[in-house]
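Shown next, in structure tokens, is the structure this report addresses.
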Amino acid sequence: VQLQASGGGLVQAGDSLRLSCASSGRFFSRNVMGWFRQAPGKEREFVATISGSGGTTRYADSVKGRFTISRDNDKNTVYLQMNSLKPEDTAIYYCAAGRVVEITPIAYDYWGQGAQVTVSS
């Protein structure tokens, strides 16, 4: 499974951005998909995850109400809509594929290369 993240960029506080992650996996709809992020000098942290059907989602408290994870199984793509961005959201964002809805990185088997999101104040 190869994952390709896109959509990162430089925005101002309060702006919106949508990340996409395309999967090459044959059984995409069976995969739980997650988004994680890593800021300079910090550990990778959970952002959001979505079940294979899209019926179950979980969010980090820091992004709840501002970010929305979704997926299009016909396009083998998962999205992260980020609204009301804050400077503290600045990080490299990684998409990942796993088998269970979990918030820990170790639960995910495949990782994309990351997309830089920078939010200026």
OG-NZ distance between Ser121 and Lys86, expressed to the nearest 0.5 angstrom: 14.0 Å
Applying a strict under-4.5 Å side-chain criterion to I, L, V, M, F, W and Y, I'd like to know whether Leu3 and Tyr108 cluster together. no
Please step through side-chain contact (heavy atoms from CB on, under 4.5 Å) for the pair Tyr93 and Gln38, ending with a clear verdict. CA-CA 7 Å; Tyr93 284 70; Gln38 189 165 17; over 6 Å; no
So Arg66 and Asp89, do their side chains get closer than 4.5 Å, heavy atoms only? yes
Show, in sequence, the C-alpha distance, side-chain angles and deciding distance for Ile103 and Arg58, and conclude whether the side-chain contact (heavy atoms from CB on, under 4.5 Å) test is met. CA-CA 8 Å; Ile103 67 172; Arg58 293 181 66 180; 3.8 Å; yes
Between the main-chain N or O of Met33 and the side-chain N or O of Asn31, is there a donor-acceptor pair closer than 3.5 Å? no
Find out if a path of hydrophobic residues (ILVMFWY) with successive side-chain heavy-atom gaps under 4.5 Å connects Trp111 to Val78. no
Would you find more than 12 non-hydrogen atoms of other residues, nucleotides or ligands less than 6.0 Å from Glu45 atom CD? yes
Before you tell me yes or no, could you show the steps for Glu88 and Thr90 under side-chain hydrogen bond (donor to acceptor under 3.5 Å, both in side chains), namely the whole-Å CA-CA distance, both residues' side-chain angles and the distance that decides it to 0.1 Å? CA-CA 5 Å; Glu88 50 264 44; Thr90 295; over 6 Å; no
If only atom types and distance count, is the side chain of Asn73 paired as donor or acceptor with the main-chain N or O of Ser53 below 3.5 Å? no
When you measure from the side chain of Ser51 to the backbone of Val32, do you find a donor-acceptor pair of N or O atoms at a distance under 3.5 Å? no
What are the two closest non-hydrogen atoms of Ser29 and Arg71, and how far apart are they? CA-NH2, 4.0 Å
Applying side chain to side chain donor-acceptor pair (under 3.5 Å), name anything that partners Tyr94, two or more places apart in sequence or on another chain. none
Side-chain donor-acceptor contact under 3.5 Å, Ser23 with Tyr110: no
Passes side-chain contact (heavy atoms from CB on, under 4.5 Å), Lys42 versus Arg37? Steps please. CA-CA 10 Å; Lys42 294 187 177 181; Arg37 66 187 182 186; over 6 Å; no
Under 3.5 Å donor-acceptor, Thr49 side chain and Val101 backbone: no
Could you tabulate the donor-acceptor pairs under 3.5 Å formed by side-chain atoms of residues 5-22, not counting sequence neighbours?
unit_1 : atom_1 : unit_2 : atom_2 : d
Asp15  : OD2    : Gln12  : N      : 3.1
Ser16  : OG     : Asn83  : OD1    : 2.9

Heavy-atom closest pair (Val100 atom, Ala107 atom, distance to 0.1 Å) is CG2-CB, 4.5 Å
Residues pairing under ring-ring contact (aromatic ring centres under 6.0 Å, His included) where one sits in residues 46-89, two or more places apart or in two chains, turn out to be Phe36-Phe46
